[in-house]
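Beneath this line is the structure, given in structure tokens, with notes to follow.
Any value given below was found using the heavy atoms of this structure, including those in side chains, with hydrogens, waters and symmetry copies removed.
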Amino acid sequence: MPGEVYRVQENTGNPVHPSIEEVVSLALDRAADPRPSDHQDSHFDKYVRGAVEYAGEAAVKEAIRLSLTKGVTHRMAGREAFGDDDYVYGIHVGVAAIAYLRELNSDPQIDP
């Protein structure tokens, strides 16, 4: 995995890094209450919201876990979480999860 982008507590063992649960929580919170459409990162919230509406929270959680803690590509995580024909949801969720992780890494005081 690329260096500092993936500072997930489960991979690093460092308690100051966000846990996968923090990333999942932020993703689901943002899906439930997306930022305004004029926000520069609102598209990530829409990606996750669409995936939740399509397949449910469990599939989104699984895609995030596979991408951020298992080192699985977003496409492969999508195939496993959403099925062979709908892997694009995994790509979208994985990209959003990285954005949320970067946000958590840059602001450890964020309240997901």
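Remark: Glu21 CD to Arg65 CZ distance equals 4.5 Å, nearest 0.5 Å. Taken from OG in Ser25 to CD1 in Ile20, the straight-line distance is 11.5 Å, to the nearest 0.5 Å. Interatomic distance, Asp45 CG to Leu26 CG, rounded to the nearest 0.5 Å: 8.0 Å. Within the model, atoms CG of Asp86 and CD1 of Ile91 stand 11.5 Å from one another, a figure rounded to the nearest 0.5 Å.
Side-chain contact between Leu28 and Glu57 is present, with heavy atoms from C-beta onward closer than 4.5 Å. Within the 4.5 Å cutoff, the side chain of Pro34 has no heavy atoms near those of the His39 side chain.
Without hydrogens or angle criteria, Glu53 side chain to Gly50 main chain gives no donor-acceptor distance under 3.5 Å.
Between Glu103 and Arg30 a salt bridge is recorded (basic side-chain N to carboxylate O distance below 4.0 Å).
When Ile64, Leu66, Val88 are each tested for a side-chain contact (heavy atoms from CB on, under 4.5 Å) with Val93, only one passes: Ile64. For the side-chain contact (heavy atoms from CB on, under 4.5 Å) test with Val23, the passing option among Thr69, Ile98, Leu68, Asn105 is Leu68; the others fail.
Residues Asp41 and Tyr100 bring no donor and acceptor atom of their side chains to less than 3.5 Å of each other.
The shortest non-hydrogen separation linking Pro36 to Ser42 is O-CB, 3.2 Å.
Classification of the His92-Tyr47 ring pair by plane angle, with boundaries at 30° and 60°, yields parallel.
A cation-pi contact, defined as under 6.0 Å to the ring centre and within 45° of the axis, links Arg75 to Tyr87.
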